[in-house]
Amino acid sequence: MTDGWKTRTKLVHDGIRRSQYGEMAEAIFLTQGFAYPTAEAAEARFVKAGEDEFIYARYGNPTTRMFEERIASLEGTEDAFATASGMAAVSGALTSMLRAGDHVVSSRALFGSCLYILEEVLTRFGVRVTFVDGADLDQWRAAVTPGTKAVFFESMSNPTLELVDIRSVSAIAHAAGALVIVDNVFATPVFSRAVEQGADVIVYSTTKHVDGQGRALGGVICGTRDFIRKTVEPYMKHTGGSMSPFTAWLHLNGMATLDLRCRAMADSAARIASALEGHSALSRVIYPGLSSHPQHQLAMSQMGSGGTLVSFDIASGKEAAFRFMNALKIAKISNNLGDAKTIATHPTTTTHQRLSQEQKDALGITPGLIRLSVGLEDADDLIADLMQALAASAG
Ligand SMILES: *Cc1c(COP(=O)(O)O)cnc(C)c1O
């Protein structure tokens, strides 16, 4: 690892392992296994594998290892374990460390599958879970007790872009001896400072900004070497959620431009949010980079950016929101995020369809709400597209 390099340099060079050929580009080792020169060498490797020694791709692979080292360096953690998807990372980070009787405190505003893991899976195995309103520190203080093993939250929530104060929640958790596990997808690894703010374990769906082009499912768990190699790795390598070397190779390529892409997307998102704010068809525009966002100061101190997503509410409801979506010429109707292509999502009928009306009300998921993942197109073109679609939404 290369302490002292800045983000963009790390993203191009860190973690690289060259074979005897000295190839410039990261090599893709599409191999499930590795041949040992002798039976003695095989025995020795199963006792303890060295830095450049691999056994089976479910345990580790040279291309996957390059990706793990690059993202750990970027995030500022000692190590990382790459997983088959973001959900393999979330479920692996939690399940590998918890046992029956343990207590977890989690924010309520979660990605649907994260909610399923906490609400349906962990509880089935005797883990007690308490949900809190992530932005309300008093609720965290009341819920975290000396018996709490871990706290879990998304640092910026989907789709209403509410922040959790990583520094304050980490202080509350650490005072009780609990581990802080942060799903940091919306913050992106570029704008993340979660480690210096107190987080112990950071998980990403690398399907999002890291891949950046909507090609591959992937995830990663970042943490201390002890946590990754002694808690996460044994669990992941035996339960099967490891990343494919092909995905790791796509991600390594994506990372060279990750910083540039996230900053360009965030710049466009800020311009779009300003252009939309006050539009007569909208009842609200949610963007943490706008001074009207209730947590604007926290967003600036926590991420130094408003991020790459903008949400807004079409005042007259679902039919108008559908007319808006159907009129878009550049932005695509889909449900990924962090893609080079701008994506419009209607959460209440898609990603959050299964929530009860009560849960939707609690999370502010209204019939007119649109989540926009801002891509790499020209910002003026995107603003023109949004404006003509808003005009069309009037019907
Ligand atoms: C997408 C996402 C996940 C799940 O990631 P997959 O790669 O789809 O498995 C988890 N958390 C958040 C916040 C996400 O946006």
Side-chain angles (χ1 to χ4, degrees), residues 64 67 71 75 80-95 106-122 131 134 151-164 166 180-192 194 199 201-222 236 239-244 246-248 250-251 254 258 262 265 269 288 302-303 307-311 334-339 341 343-345 347 350-355 363 365 371-375:
T64 308
F67 168 68
I71 196 146
E75 195 63 35
F81 193 91
T83 60
S85 67
M87 284 322 302
V90 171
S91 63
L94 289 164
T95 319
S106 169
S107 61
R108 195 173 285 116
L110 295 179
F111 183 74
S113 303
C114 295
L115 190 62
Y116 179 82
I117 299 290
L118 284 144
E119 220 173 20
E120 307 287 335
V121 180
L122 293 180
F131 289 101
V151 304
F152 177 79
F153 57 87
E154 292 172 15
S155 57
M156 200 205 289
S157 74
N158 173 26
T160 50
L161 312 182
E162 192 176 87
L163 274 78
V164 173
I166 298 176
V180 177
I181 305 176
V182 181
D183 179 334
N184 219 13
V185 169
F186 278 49
T188 82
V190 166
F191 299 125
S192 167
V201 178
I202 298 107
V203 295
Y204 286 105
S205 163
T206 55
T207 313
K208 314 291 166 56
H209 303 81
V210 172
D211 183 78
Q213 290 164 73
R215 302 165 299 188
L217 276 177
V220 70
I221 306 169
C222 302
M236 293 307 301
T239 55
S242 307
M243 180 180 277
S244 142
F246 185 69
T247 300
L250 287 172
H251 285 359
L258 181 62
C262 287
M265 288 172 173
Q302 189 155 294
M303 309 194 320
T308 68
L309 290 112
V310 182
S311 293
S334 191
N335 42 265
N336 189 26
L337 60 100
D339 194 305
K341 299 177 179 74
I343 292 172
T345 309
T350 61
T351 53
H352 293 69
Q353 190 186 119
R354 273 167 301 171
L355 295 191
L363 298 175
I365 300 169
R371 184 192 80 189
L372 193 75
S373 167
V374 178

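Whatever order the structure lists them in is the order used to number ligands and atoms, beginning at 1. Since the structure is predicted, the reported quantities are computational estimates derived from the model, not experimental observations.
Compare Val185, Asp183, Ile117 by their heavy atoms: the one nearest to atom 10 (C) of ligand 1 is in Asp183. Counting heavy atoms only, Thr207 comes closest to atom 7 (O) of ligand 1 of the residues Thr207, Thr351, Asn335.
The single protein non-hydrogen atom nearest to atom 9 (O) of ligand 1 is Met87 N, 2.9 Å, given as residue, atom name and distance. For atom 3 (C) of ligand 1, the nearest protein heavy atom (residue, atom name, distance) is Phe111 CE2, 3.4 Å. Atom 6 (P) of ligand 1 has as its closest protein heavy atom Gly86 N, 3.3 Å. Nearest protein neighbour of atom 14 (C) of ligand 1, counting heavy atoms only, is Lys208 NZ, 3.0 Å.
Not a single donor-acceptor pair under 3.5 Å links the side chain of Ser205 to the backbone N or O of Gly219.
Counting heavy atoms from C-beta on, the side chains of Cys262 and Phe191 come closer than 4.5 Å.
The closest approach between any non-hydrogen atom of Ala88 and ligand 1 is not below 4.0 Å.
Proximity of Glu154 to ligand 1, defined as any heavy-atom pair under 4.0 Å, is confined to the side chain (atoms from C-beta onward).
Inspection of the Asn184 and Ser155 side chains reveals an N or O donor paired with an N or O acceptor under 3.5 Å. No hydrogens or angles considered: a donor-acceptor pair under 3.5 Å links the side chains of Ser192 and Glu75.
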